[in-house]
J.: 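My questions will all concern the structure given below.
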Amino acid sequence: RKEVEQDPGPFNVPEGATVAFNCTYSNSASQSFFWYRQDCRKEPKLLMSVYSSGNEDGRFTAQLNRASQYISLLIRDSKLSDSATYLCVVNSFSGGYNKLIFGAGTRLAVHP
Amino acid sequence: ETGVTQSPTHLIKTRGQQVTLRCSSQSGHNTVSWYQQALGQGPQFIFQYYREEENGRGNFPPRFSGLQFPNYSSELNVNALELDDSALYLCASSFPGRFVEQFFGPGTRLTVL
């Protein structure tokens with residue numbers, strides 16, 4: 001089983017749609033969670049951190065359910081510029097060091 | 001811009017060759033991690049360097065090695081290249097004590113023929 005698993009995608013949605021991505025992680029000791037965005041052939045960029053209380057940044061809302069080891073990202077009023085791959089990321093502390101564990105990503109294509 | 005640069009941007013090698021990829025971090029970033037991202041996959045952790053020493057390693061064979069220098073630059077070396085080594089190689093650095101905030105470079109795309 002992969003440490004971080006995401007919806008396979010791709011998601012093809014019209015502009016203005018609401019789309020939700022899901023992610024599960026296997027290590028219950030994980031403490032920090034993130035969503036990264038990656039444009040085609042570019043490096044990943046931090047979109048937002050995810051907190052247990054849930055957090056919102058404009059059209060983006062992230063939720064964390066520690067009991068279910070589940071993370072979600074909701075995008076409202078999708079824009080063409082939201083087209084990208086969204087990576088669910090978990091920080092793992094093991095062996096005395098931190099490392100980021102990435103899911104395989106979910107591709108989003110927003111069309112006119 | 002993250003202030004993290006990588007060189008070269010693209011590279012083509014043949015099987016069995018050796019390659020060195022370079023990363024230059026922001027001043028003050030004393031931790032650097034390297035990741036391999038195969039097509040259609042998320043980045044996979046290769047190893048991490050802290051104060052010029054390797055302090056963590058993912059599931060990669062010893063032919064993947066690295067160096068970190070006092071000037072916040074680092075290298076990833078891969079010996080005996082295999083076709084499956086074709087990928088985007090990313091370095092990411094962070095400030096002391098703030099590992100979770102990693103700054104990624106643009107990556108080096110390596111193609112092994």
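Please read all numbers here as calculations on a predicted model, not as lab measurements. Chain letters run A, B, ... following the sequence lines, proteins first, then strands; residues in each count from 1.
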J.: Examine whether an atom of A:Gln38 lies under 4.5 Å from a heavy atom of chain B, and if so say whether it belongs to the side chain, the backbone or both; otherwise answer neither.
T.: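 Contact with chain B involves the side chain of A:Gln38 alone.
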J.: Please indicate whether A:Arg76 has more than 12 foreign heavy atoms, meaning atoms of other residues, nucleotides or ligands, lying under 6.0 Å from its CZ.
T.: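 Yes, because the 6.0 Å sphere around CZ of A:Arg76 holds more than 12 heavy atoms from other groups.
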J.: Taking everything shown except A:Tyr70 itself, do over 12 heavy atoms lie less than 6.0 Å from its OH?
T.: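 Atom OH in A:Tyr70 is packed in, count exceeds 12.
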J.: Other residues, nucleotides and ligands only: do more than 12 of their heavy atoms fall within 6.0 Å of CG on B:Asn59?
T.: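 Atom CG in B:Asn59 is not crowded, with 12 or fewer foreign heavy atoms closer than 6.0 Å.
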J.: Heavy-atom distances under 4.5 Å only: say whether B:Gln37 touches chain A with side chain, backbone, both or neither.
T.: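 For B:Gln37, the side chain is the part near chain A, not the backbone.
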J.: For the residue pair B:Gln18 / B:Thr20, report whether a side-chain donor-acceptor contact shorter than 3.5 Å exists.
T.: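 Yes, because at least one side-chain N or O of B:Thr20 sits under 3.5 Å from a partner of the opposite role on B:Gln18.
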J.: Does A:Ile71 reach the side chain of A:Phe21, with side-chain heavy atoms less than 4.5 Å apart?
T.: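 No; the side chains remain at least 4.5 Å from each other.
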J.: Can you say whether A:Arg41 sits under 4.5 Å from chain B via the side chain, the backbone, both, or neither, judging by heavy atoms?
T.: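 Both backbone and side chain.
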J.: What part of A:Asn98 gets within 4.5 angstrom of chain B, counting heavy atoms only: side chain, backbone, both, or neither?
T.: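 Contact with chain B is through both the backbone and side chain of A:Asn98.
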J.: Between the side chains of B:Arg109 and B:Thr9, is a donor N or O closer than 3.5 angstrom to an acceptor N or O?
T.: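 No.
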J.: Counting only non-hydrogen atoms closer than 4.5 Å, does A:Leu87 touch chain B with its backbone (N, CA, C, O), its side chain (CB onward), both, or neither?
T.: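 Contact with chain B is through the side chain of A:Leu87 alone.
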J.: Just so I understand: if I count every heavy-atom pair under 4.5 Å between each of B:Ala92, B:Gly105, B:Gly40 and chain A, which residue has the most?
T.: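 Most pairs with chain A among the choices: B:Gly105.
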J.: Among B:Gly107, B:Ser33, B:Pro106, single out the residue with the greatest number of heavy-atom pairs under 4.5 Å to chain A.
T.: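 Among the listed options, the one with the most contacts to chain A is B:Pro106.
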J.: Is B:Gln48 in contact with chain A via its backbone, its side chain, both, or neither, using a 4.5 Å heavy-atom distance?
T.: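 Contact with chain A involves the side chain of B:Gln48 alone.
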J.: Tell me whether B:Leu113 at atom CG has more than 12 heavy atoms from other residues, nucleotides or ligands lying less than 6.0 Å away.
T.: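 Yes, CG of B:Leu113 has more than 12 neighbouring heavy atoms, counting only those of other groups under 6.0 Å.
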J.: Identify which part of B:Tyr50 has an atom lying under 4.5 Å from any heavy atom of chain A, answering side chain, backbone, both or neither.
T.: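 Contact with chain A involves no heavy atom of B:Tyr50 at all.
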J.: Pick whichever of B:Ser94, B:Pro43, B:Ala38 has the most heavy-atom pairs under 4.5 Å with chain A.
T.: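 Top option by heavy-atom pairs under 4.5 Å: B:Pro43.
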J.: May I ask you to name which of A:Pro44, A:Ser94, A:Gly95, A:Gly105 has the most heavy-atom pairs under 4.5 Å with chain B?
T.: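 Heavy-atom pair counts peak at A:Pro44.
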J.: Measure A:Lys99 against the heavy atoms of chain B and call it side chain, backbone, both or neither at under 4.5 Å.
T.: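 Both parts, backbone and side chain.
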J.: Are the aromatic ring centres of B:His29 and B:Phe95 under 6.0 angstrom apart?
T.: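 Yes, close enough.
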